[in-house]
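Counting starts at 1 for both ligands and their atoms, in listed order.
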Amino acid sequence: MTTSFLWSVLAVAAELLALVSAEDGAALCGLNGCQAIDLAKRYTDITMAKMMRTIKPEALEEVFQNMAKLEVLVRQVEDLQRDVMSLYQPVWPVNDGPQRWSMCAEGPCSCTLETRFVSCWRLELLHHVPRKQQIPADTRSLDLGMNRLKALHKDSFNRLTQLVELDLNDNSLELLPNSLFYDLENLRHIKLHKNRLLYLPPDIFQDARSLRTIDLSYNVLEGLPATLFKKLHHVYLLNLATNAIRRLDEGIFFDLESLEDLDLSENKLKELPQLVFYKLKSLKHLKISRNELTRLPHGVFSNLFNLRELYLHNNYIENLPSGVFRDLYNLTFLELTSNRITQVHHKDFLNMNSLRSLFLGQNLVTQIKNRTFVGTSKLEKLYLFSNKIENIELAAFSGLNSLSWLLLNNNLLRRLPREIFRRTPNLLRLQIDSNKFMQLPEGLLEELKRVEQVKLSMNPWHCDCFILYLTGWLHRNPDKIWDRQPKCRGPGDLGGKPVIDMTFNSVCDGQWASMTKIQGRV
Ligand SMILES: *[C@@H]1O[C@H](CO)[C@@H](O)[C@H](O)[C@H]1NC(C)=O
Ligand SMILES: *[C@@H]1O[C@H](CO)[C@@H](O)[C@H](O)[C@H]1NC(C)=O
């Protein structure tokens, strides 16, 4: 069964090969070419499903081997399709005569001699570049953005050796011939975002050694060939966001020693190779948010001494390996929101002398232990909202002399040590709303010498005699209450009344005799 199935795919491939050699262009992308491949793929799915049910376990290994072979075969057929499609695209004439710019201006693209700029932007170009368009040989910038190009001939940019900028964004490109950029030795900026690229030939950028920026975002890339960025020593911006990349080769970025911005967000990365960023000594911004990372390898950010911003939000990271941020002296912004981190440790943020904002919201942290943030003495904003924090130790925030925002809302806090804010003298904004506070220890808020905004609402404030500390503070600081007034949860009819309206008579009178015997709740 397996063998006959493979044979049928082989037959399709053979048929296609025969067609190519016959150079029967018209029929190629008709039923015989492209559709044959689609049929073969569909056939694969259905047949596979049926097959799997009937196969004996001992035969399975052979099946998997054959499947791997099949995958290679399908790739080869696709490669063939790509080459064939590209060969049947027209190539526009490159003009190096004296009249080249005036001839260029005959259109349909617009041509500007002063800047040596040819713009074919938004011309509804359907399947190919305009046949009649003359392209001056000394064009520096070529804009083919926002068209509907599906394929390009492999010689489309031949002889445009002075091209510096090439914009192909927002087209329908599925495959690029591997020699497409071979002549573009001066190309610095290439925009390929918003296309339908599924994969790239390993040597596509091989001769484009002057490249500075590459934008491949918003495609459907599932992976990247290991040698794709070899020898691109000058690239400082690489955007790979919003693709379907599942894995990265450990050495893929090794030659990118000038890289400053790397965007890998919105892909399907489940893990990172340990040394994948190791050579990126110039890196300033690294985005890996919105992937499927469950863990970070030890030392994965080692050597990134120049990193300023690191985005890791919306992954499934469960814990931080110790010392993982150790080399990031220059990091100012660390975004870890929406992961599954359960614990932060004393040494997690050591050495982060430049850190200004730390985002740890929407995780599963249950407690903050003493001295967790020592080493981040410049930290200004600490986001810990929407975790499961039940307990914060007295010296949890020690070392945070510059902290001005502390967001602890949406947690499970019932109490705070009375002197907890003594270690954060510069706090301006505090959010402890949406927790389980019933009361606050007397004197807690007085530690906040400079505070301007405090959010206290959505807690089950218990309005007995002990609430009068909070009532008094609210009276003395009416302009510091941010958003809504805190309200009593109870007891009895006091439920729903603002804490600020409580008086000695309403909460202590009558209960006084028994109250004196009751210990404070906090
Ligand atoms: C990065 O941090 C180191 C150590 O604190 C410092 O010497 C260096 O100047 C910083 N680099 C930049 C570009 O700020
Ligand atoms: C946390 O620090 C405070 C103040 O230094 C100390 O009293 C307390 O015992 C510490 N807690 C733990 C669990 O070490």
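- In this structure, CZ in Phe277 is found 6.0 Å from CG in Leu262, a value given to the nearest 0.5 Å.
- Glu393 has no carboxylate O lying under 4.0 Å from a charged side-chain N of Lys369, or vice versa, which leaves the two without a salt bridge.
- Annotation: side chain of Leu238 is not in contact with side chain of Asp261 (no heavy-atom distance under 4.5 Å).
- Residues passing the ring pair (Phe, Tyr, Trp, His ring centres under 6.0 Å) test with Phe373, sequence neighbours excluded: Phe349.
- More than 12 heavy atoms of other residues, nucleotides or ligands shown are found within 6.0 angstrom of CG on Asp479.
- Annotation: ligand 2 has protein neighbours Asn370, Glu393, Leu394, Ala395, each with a heavy atom less than 4.0 angstrom from the ligand.
- With a 4.5 Å cut-off on side-chain heavy atoms, Ile288 and Leu272 count as touching.
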